[in-house]
Amino acid sequence: MTHDPVRIGLVSISDRASSGIYEDQGLPALEAWFGEVLANPAEFVTRLIPDEQAQIEATLIDLADSAHCSLILTTGGTGPAPRDVTPEATLAVAHKVLPGFGEAMRAVSLQYVPTAILSRQVGVTRGASLILNLPGQPKAIKETLDGIFAAVPYCIDLIGGPYLEARPNTIAVFRPKSALRIRT
């Protein structure tokens, strides 16, 4: 059985990791999660950048418009601190806002920590790219993706991307019956 290839943009947003003060853990956590769950062959386009709104916006635009990533995930910069500007940058480059993703990500995280209510994560589309803001810690990244990924492949279908599938016994991807591909 063959699976559509997919290009995925992964953006870790951290002043300290991007300046070498500590090692970034977001990008490895994202790649590991996809390695376990995604059945499709994936090419990752990674970026490690500081909490600078203009740079975040430029990175998201580049990954969507030039690198043609079907899915772009950010990690970090979604809290209430003054330097946390990932949601503002994401909304600034959005063509459509998908409020359900932000609501669902916070609901998932709230099962684990009461401070999830401080998160300002958003989900948007830009052209044929779905952009999601994830938390910054590896454990929270996994918990969040485990909780929302079932809806991601169908969203990517609807915006013109590849047909994403999960490995057996991982995430149960949901699509309406009319959107299922019959494998032979």
Side-chain angles (χ1 to χ4, degrees), residues 3-4 6-13 25-40 42 44-47 56 60 63-64 69-79 84 86-91 93-177 179-180:
H3 300 284
D4 294 351
V6 60
R7 182 174 283 181
I8 300 174
L10 304 175
V11 185
S12 186
I13 300 164
Q25 296 180 353
L27 296 174
L30 287 166
E31 288 187 32
W33 188 89
F34 279 106
E36 292 175 14
V37 174
L38 192 64
N40 303 67
F44 297 110
V45 182
T46 61
R47 303 282 189 274
I56 298 167
L60 296 176
L63 291 173
C69 295
S70 299
L71 177 61
I72 302 167
L73 301 175
T74 69
T75 177
T78 60
D84 291 335
T86 302
E88 287 80 5
T90 303
L91 291 169
V93 304
H95 292 159
K96 292 185 180 177
V97 178
L98 303 171
F101 276 111
E103 295 163 5
M105 289 186 281
R106 282 183 289 282
V108 167
S109 294
L110 199 52
Q111 296 174 36
Y112 300 97
V113 294
T115 53
I117 61 174
L118 302 176
S119 176
R120 301 176 310 111
Q121 298 160 290
V122 298
V124 306
T125 62
R126 178 178 177 89
S129 299
L130 172 62
I131 304 172
L132 300 173
N133 301 152
L134 298 175
Q137 296 301 315
K139 182 176 181 281
I141 290 168
K142 179 183 178 355
E143 291 165 352
T144 302
L145 283 172
D146 286 350
I148 66 158
F149 191 76
V152 168
Y154 185 54
C155 181
I156 291 174
D157 292 351
L158 292 171
I159 61 174
Y163 192 89
L164 300 186
E165 300 175 78
R167 294 181 192 278
N169 303 314
T170 60
I171 303 290
V173 169
F174 178 82
R175 287 182 170 91
K177 289 180 182 176
L180 294 174

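- Here the CG-CZ distance, from L158 to R175, works out to 9.5 Å after rounding to the nearest 0.5 Å.
- Annotation: ring-ring contact (aromatic ring centres under 6.0 Å, His included) contacts involving residues 123-156, sequence neighbours excluded, comprise W33-F149.
- Sorted by first then second residue, the salt bridge (charged side-chain N to carboxylate O under 4.0 Å, His left out) pairs that include residues 29-39, not counting sequence neighbours, number zero.
- With sequence neighbours excluded, no residue forms a ring pair (Phe, Tyr, Trp, His ring centres under 6.0 Å) with F101.
- The backbone N or O of G127 sits less than 3.5 Å from a side-chain atom of H95, completing a donor-acceptor pair.
- Between atom OG1 of residue T46 and atom CD1 of residue I8 there is a gap of 12.0 Å, rounded to the nearest 0.5 Å.
- Under the salt bridge (charged side-chain N to carboxylate O under 4.0 Å, His left out) criterion, no residue pair touches residues 95-107, with sequence neighbours excluded.
- Looking only at side-chain heavy atoms (C-beta outward), I56 and T74 stay at 4.5 Å or farther from each other.
- Pairing each heavy atom of L63 with each of G9, the nearest pair is CD1-CA, 4.2 Å.
- Every residue meeting the side chain to side chain contact (heavy atoms under 4.5 Å, CB included) condition with A116, not counting sequence neighbours, appears here in chain and number order: S109, L110, V113.
- Looking at T75, its side chain does come within 3.5 Å of a backbone N or O of P135 through a donor-acceptor pair.
- Residues V6 and F34 fail the side-chain proximity criterion, which asks for heavy atoms closer than 4.5 Å.
- The shortest distance between side-chain heavy atoms of L60 and R126 does not fall below 4.5 Å.
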Exercise. Run the side-chain contact (heavy atoms from CB on, under 4.5 Å) check on I171 and D146 step by step: do they pass?
Worked result: CA-CA 7 Å; I171 303 290; D146 286 350; 4.0 Å; yes
For this session: Check the pair L71, I156 against side-chain contact (heavy atoms from CB on, under 4.5 Å), reporting the backbone distance first and the verdict last.
Result: CA-CA 8 Å; L71 177 61; I156 291 174; 3.9 Å; yes
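- Looking at L132 and T144, their side chains never come closer than 4.5 Å, going by heavy atoms from C-beta outward.
- Once rounded to the nearest 0.5 Å, the distance linking CZ of R47 with CG of L10 reads 10.0 Å.
- Remark: the backbone N or O of E165 is paired with a side-chain donor or acceptor of N40 at under 3.5 angstrom.
- Using a 4.5 Å cut-off on side-chain heavy atoms (C-beta onward), L134 and L145 make contact.
- Contact record, A29 with I141: CB-CD1, 4.2 Å, taken as the closest heavy-atom pair.
- With 3.5 Å as the limit, one finds no donor-acceptor pair spanning the side chains of N133 and T86.
- In this structure, D157 and P162 approach most closely via the heavy-atom pair OD1-O, 3.7 Å.
- The heavy-atom pair separating G161 from S70 by the smallest distance is CA-OG, 4.3 Å.
- Looking only at side-chain heavy atoms (C-beta outward), T78 and D84 stay at 4.5 Å or farther from each other.
- Judged as a salt bridge (charged side-chain N to carboxylate O under 4.0 Å, His left out), the pairs with a partner in residues 107-124 (not counting sequence neighbours) are, in order, E88-R120.
- Shortest non-hydrogen contact noted between V108 and G147 is CG2-CA, 3.8 Å.
- Taking 4.5 Å as the limit, every side-chain heavy atom of V93 sits out of range of all side-chain heavy atoms of V124.
- Under the 4.5 Å side-chain criterion, counting only non-hydrogen atoms from C-beta, L130 is in contact with V152.
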